[in-house]
Amino acid sequence: LVSPLLDALRALLPGERPIGADLSELVGLLRSLGAGERGAESRALLSQLVEHVFQPGSKGAQLASLLQRSGSGLEAALLAAAHRKGEPDTRGLRADLKAKLLLARASTTNASLTEALSKALRSIESEQVLNLARDAGSEPRSVSVPFPDPGLEGALWTTAWLTFHGSDEGDDAGGEESAENDLRVRVDVELAKLGPLRADIGLRGGRLTARILTVDERARDLLRGALPSLLEALSSTGLE
């Protein structure tokens, strides 16, 4: 069930776009600004943004790092740093996507760049607000990461959504008893040439289950062709 709070917040945030679309727009502007004689700062920010895009083939640790640096936990990290004794270590804070966007907005005098940075920040902040409401209600927490889409005309990135379900949620529990270490994650991404894709992934007692849904025949053929190599990679980690 959708909580009344979450429903109300969604009504108040109807125009916010996914982070992939806003960052793609920002990248296009940075590229145009970086072509000038004084474009060093634009080029530096451009290279930093690439560090926050999920790259296919990345390991779990890389994805975990990406989620930690996505901006959703910046305020909590700032509060923790403020309560530490001694000189605070700001290296982790400066690696955060939201922190980079805030610093860039504070240092620029370009109106177009300020607006593009503000759009990307609103996307992150909208997700933060919605996840607070999800935590207070019954919906699972959902986070987004920019995802490369070579088939997306005029843009660089789409958005991959990761939704973390409790072990007793979902329609594929199969009636089995849940364990404390159970994990269920749903990944949603829409690609320009392959359409929407959804992967439901569950981990229980060293056994991994995955269900991949697609509406495009070409996408199904590509997935079937990649299945043997995927199974081999999973087996090498000790998963069944």
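This is a predicted model, so every value here is computed, not measured.
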Are L213 and F147 co-members of a hydrophobic cluster defined by side-chain heavy atoms under 4.5 Å apart?
no

Side-chain heavy atoms under 4.5 angstrom apart, residues restricted to Ile, Leu, Val, Met, Phe, Trp, Tyr: same cluster for V143 and V145?
yes

L26 vs L113, side chain to side chain contact (heavy atoms under 4.5 Å, CB included): CA-CA, chis, key distance, verdict:
CA-CA 7 Å; L26 176 58; L113 183 54; 3.6 Å; yes

Would you say F54 ends up clustered with F164 if hydrophobic residues are merged whenever their side chains have heavy atoms under 4.5 Å apart, either directly or through other cluster members?
yes

Is it the case that one hydrophobic cluster holds both V27 and L101, taking links as side-chain heavy atoms less than 4.5 Å apart, direct or via other members?
yes

So, Q62 and Q55: side-chain donor and acceptor under 3.5 Å apart, yes or no?
no

Checking side chain to side chain contact (heavy atoms under 4.5 Å, CB included) against T108, which of L45, L103, L117, L33 comes through?
L117

Is it the case that more than 12 heavy atoms not belonging to E217 sit under 6.0 Å from its CD atom?
yes

Enumerate the salt bridge (Lys or Arg N to Asp or Glu O under 4.0 Å) contacts for residues 50-60, please, sequence neighbours excluded, ordered by first and then second residue.
E51-K100

Should the heavy atoms of other residues, nucleotides or ligands under 6.0 Å from CZ of R94 be counted, would the total exceed 12?
no

Output yes when R69 and D96 qualify as a salt bridge under the 4.0 Å nitrogen-oxygen rule, no when they do not.
no

If you compare all heavy atoms of L30 against all heavy atoms of S42, which two are closest, and at what distance to 0.1 Å?
O-CB, 3.7 Å

Which is it for V187 and T163 under the side chain to side chain contact (heavy atoms under 4.5 Å, CB included) test, yes or no, and what are the steps along the way?
CA-CA 6 Å; V187 182; T163 305; over 6 Å; no

Minimum heavy-atom separation for T159 and S144, please, with both atom names.
CG2-CB, 3.5 Å

Once salt bridge (Lys or Arg N to Asp or Glu O under 4.0 Å) is applied, what residue pairs with a partner in residues 103-112 remain, sequence neighbours excluded?
none

Distance-minimising heavy-atom pair for E190 and D149:
O-OD2, 3.9 Å

Looking only at heavy atoms, the pair that brings L93 and A81 closest together is CD1-CB, 4.2 Å

L49 with I124, same ILVMFWY side-chain cluster at under 4.5 Å
yes

Working note: R17 + E25, criterion side chain to side chain contact (heavy atoms under 4.5 Å, CB included); need CA distance, chi angles, decisive distance, verdict.
CA-CA 11 Å; R17 297 192 303 170; E25 181 179 308; 2.7 Å; yes

Which pair of heavy atoms, one from D22 and one from S123, lies closest together, and at what distance?
OD2-CB, 3.5 Å

